[in-house]
Amino acid sequence: MAEEGPFTDISGKPISLECQNYTPFCREFTVSSPKVSLLKVMGYTCSVWLLAYAVFFLTENTTVLSSAIMVTLVGMILHIHFVKVDQETLLIIGSLGIQLSSLYASGRESTTFIEMSKIKDIVINEAIYMQSIIYYLCILIKDPSEPDGVASVVPLFQSSKPRLNCLVRVYKSCQEIIAQSR
Amino acid sequence: MKSRRRRGDKQAAASCQPDAHPPAPHSPASLLPSGTARRSSQKKHSICMVSDFFYPNMGGVESHIYQLSQCLLERGHKVVIATHAYGDRRGVRYLTNGLKVYYLPLQVMYNQSTATSCFHSLPLLRCVFVREHITVVHAHSSFSAMAHDALFHAKTMGLNTVFTDHSLFGFADLSSVLTNKLLTVTLCDTNHIVCVSYTSKENTVLRAALNPDIVSVIPNAVDPTDFTPDPGSRDDSKITIVVVSRLVYRKGIDLLGGIIPELCAKHPDLCFLIGGEGPKRIVLEEVREKYQLHDRVRLLGALDHKDVRDVLVQGHIFLNTSLTEAFCMAIVEGACCGLQVVSTRVGGIPEVLPDELVTLCEPTVSSLCAGLESVISRQRSGSVPPPAAIHHQVQNLYTWRNIAERTEKVYDQACQQPVLTLPARLQRLRSHCGAVAGSIFSFMAVINFLFLLFLQWLHPVHLMDAAIDASGPDSCWRKSFKKGKSKDPHPD
């Protein structure tokens with residue numbers, strides 16, 4: 001089952017939410033953001049190079065040009081490897097736990113797994129982010145010493161930052177599974 | 001949405017009448033059928049209280065905002081509070097009954113007041129106002145820079161504004177002159193102003209050169225159930241005078257330092273119990289050393305609000321030596337605990353309690369001593385009314401429900417007034433605030449307006465998620481509580 005809604009992230013860029021039901025106890029949510037746009041890459045590259053040419057024109061030193069090329073290349077590699085996330089996946093298995101994975105633009109994938117026994121709940125919370133106030137989804141981790149306490153909070157979909165309507169849909173189906181597994 | 005449309009209608013109606021503020025008895029408004037009038041009073045507001053001072057900071061303004069908000073929630077309005085972050089406490093928190101508090105990360109400059117640049121708080125405050133669908137912005141305390149900022153932004157955004165002034169000011173020294181100018185600028189286009197006593201109203205009207213018609217007087221209140229008398233906990237073999245105040249110059253601690261040795265020499269069975277902390281503590285400690293009064297003058301240090309009552313009930317007489325006071329909560333608390341109250345006759349204090357409950361003196365050592373002596377002799381002869389009788393008399397004088405009801409009327413009235421458009425606002429600023437300040441702040445208002453337009457382009461309203469109401473008519477908390485299902489999406 002794939003659902004495509006008119007979802008956007010908090011800055012208005014379109015994102016898509018894919019929701020797959022494997023069994024009643026196992027669901028996978030994938031939030032995909034748009035790919036790196038070629039135009040943006042070209043724009044950044046051009047601006048760095050133009051700046052380098054201006055400096056070169058004044059100093060007449062060729063290392064400026066070669067270092068500008070290095071900077072753009074390294075910057076691009078770092079960006080697609082560590083910053084730009086194409087897909088974020090939340091796999092929830094009622095009896096086992098929750099797996100979070102994010103797929104970077106370079107193809108690198110980072111995955112974490114949280115056991116169900118450690119999870120207290122999944123909630124939608126509010127936070128002040130930059131100069132605005134946003135909603136986000138997060139997992140509350142149980143405090144082993146205190147049964148009712150919360151030891152830490154794991155925010156979900158950190159890089160795609162979907163808006164509330166998308167979060168509510170994920171929240172509701174996660175709650176169904178958590179309620180069943182208790 | 002609905003309430004906004006209704007407000008629009010009201011504005012149109014109000015602008016037809018030349019003087020739109022309080023409806024005089026013969027005005028057409030009072031001839032309307034009672035149904036219409038009732039509907040207007042049932043109109044629910046979305047109120048944002050803004051002040052630098054809120055819990056965990058303790059004080060009169062903080063408890064005023066909290067209690068007033070709780071009573072307004074009880075009356076079905078939606079209330080959110082915006083303040084600055086206190087250390088670790090930042091972000092969005094919920095208090096009792098779904099009272100939502102935004103602790104915004106703004107830099108604190110001096111005395112828990114934020115730095116004011118008129119602009120840097122706009123993005124966050126705009127976000128709060130927009131996502132909560134705020135209709136009335138209520139700012140508190142003229143010491144709070146954030147309150148001034150919020151009023152400035154709210155007027156730029158076209159929201160109705162109400163301001164409550166909690167303190168009295170002088171006119172002579174440099175800091176008062178500057179604060180008064182700032183107040184003039186802030187209040188000249190505010191829809192309605194609330195003061196805590198008539199003296200405070202007079203002071204504010206003079207300081208800010210206001211039209212007195214838009215200034216209302218709504219006092220503070222005390223929770224009578226928190227301040228109950230307990231004659232058993234006091235020692236009747238001696239007479240105890242209680243003082244509970246911050247130990248600062250404004251509270252007249254130097255006078256207290258003069259009174260203590262004089263009275264202690266005359267009455268060997270007299271004790272002083274002093275609660276509070278501050279820079280003037282050294283004065284009292286000096287007096288205690290010099291006259292060897294360690295067993296008769298007890299300094300308790302800073303008190304928690306919950307401990308105040310336990311200190312008050314240990315005494316027979318409550319002494320207040322303030323040099324300036326807009327509305328003295330302390331003497332109401334003292335009287336509510338059944339104590340005999342002796343106070344200086346300054347500021348709004350004479351209005352607070354009926355004459356039989358308070359002995360007023362001039363703010364001099366000799367006058368206060370004379371006042372205290374007369375109360376002590378009355379106490380000795382047993383001609384004072386019992387604490388329970390005093391409590392009974394005071395408990396209904398100032399209640400928060402009554403305050404909330406009156407504040408609601410202020411909101412109703414403020415919502416009927418039009419918010420000035422930018423050109424009208426600029427004209428008002430220049431005609432009310434003098435040539436220099438008026439021009440500077442007109443310029444600021446224009447810049448603020450342009451900044452708002454920029455923000456509207458950068459972060460449009462349709463991209464902001466509307467907040468889920470925890471209070472007010474569309475509260476989702478109350479519904480889920482009724483169902484008995486704890487579907488609380490926001491912990492913490």
Side-chain angles (χ1 to χ4, degrees), chain A residues 5-15 17 33 119-143 146-157 160-176 178-179 182, chain B residues 48 80-86 88-94 98 100-107 119-134 153 451-452 454-470 476 480 485-492:
Chain A
F7 295 126
T8 62
D9 70 353
I10 51 160
S11 57
K13 279 184 228 127
I15 53 169
L17 171 71
S33 1
I119 295 170
K120 190 176 157 64
D121 207 351
I122 293 186
V123 294
I124 296 175
N125 207 349
E126 281 169 293
I128 297 170
Y129 171 76
M130 306 296 273
Q131 289 289 328
S132 61
I133 299 158
I134 60 167
Y135 280 107
Y136 68 100
L137 199 63
C138 61
I139 303 177
L140 305 181
I141 306 290
K142 263 183 207 160
D143 195 344
E146 256 180 282
D148 286 335
V150 174
S152 65
V153 171
V154 180
L156 303 175
F157 305 127
S160 44
K161 295 191 194 65
R163 286 186 61 180
L164 186 60
N165 52 0
C166 177
L167 295 179
V168 165
R169 187 177 286 185
V170 178
Y171 169 79
K172 278 186 177 154
S173 37
C174 283
Q175 284 298 331
E176 276 170 25
I178 289 180
R182 282 219 176 114
Chain B
C48 182
V80 297
I81 296 174
T83 181
H84 66 78
Y86 281 88
D88 212 16
R89 186 169 277 261
R90 58 174 70 133
V92 185
R93 307 279 174 129
Y94 287 86
K100 195 172 186 180
V101 187
Y102 286 93
Y103 289 95
L104 305 177
L106 300 169
Q107 191 55 48
F119 305 118
H120 73 298
S121 54
L122 179 61
L124 279 175
L125 282 172
R126 169 178 172 259
C127 203
V128 173
F129 295 161
V130 168
R131 70 203 300 274
E132 299 283 350
H133 298 300
I134 295 300
H153 302 326
F451 188 31
L452 181 71
F454 170 71
L455 284 174
Q456 274 169 353
W457 169 79
L458 190 74
H459 199 170
V461 173
H462 66 87
L463 285 180
M464 277 190 222
D465 284 316
I468 291 169
D469 289 359
C476 63
S480 63
K485 203 163 93 186
S486 74
K487 211 182 111 190
D488 167 17
H490 321 286
D492 193 340

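Labels below follow one simple rule: chain letters A, B, ... track the order of the sequence lines, proteins then strands, and each chain is numbered from 1.
Rounding to the nearest 0.5 angstrom, the gap separating the CG atom in B/L463 from the CG atom in A/D9 is 8.5 Å. In this structure, OG in A/S132 is found 4.5 Å from NE2 in B/H459, a value given to the nearest 0.5 Å.
For the set B/K100, B/R90, B/R126, the entry with the most heavy-atom pairs within less than 4.5 Å of chain A is B/K100. Chain B forms more heavy-atom pairs under 4.5 Å with one residue of A/V150, A/N165, A/I128 than with any other, namely A/I128. Ranked by non-hydrogen atom pairs under 4.5 Å with chain B, the options A/M130, A/Q131, A/R163 are led by A/R163.
For the pair B/D465 (side chain) and A/L164 (backbone), a donor-acceptor distance under 3.5 Å is present.
Atom CD of B/Q456 sits in a crowded spot, with more than 12 heavy atoms from other residues, nucleotides or ligands closer than 6.0 Å.
Nearest heavy atom pair, residue B/V128 against residue A/I133, reads CG2-CD1, 3.5 Å.
The contact between B/A466 and chain A is made entirely by backbone atoms, counting heavy-atom distances below 4.5 Å. For chain A, the nearby part of B/Y103 is the backbone; its heavy atoms alone come within less than 4.5 Å. For chain A, no part of B/L458 is nearby; none of its heavy atoms comes within less than 4.5 Å.
A salt bridge links A/E126 with B/R131: at least one charged nitrogen is closer than 4.0 Å to a carboxylate oxygen.
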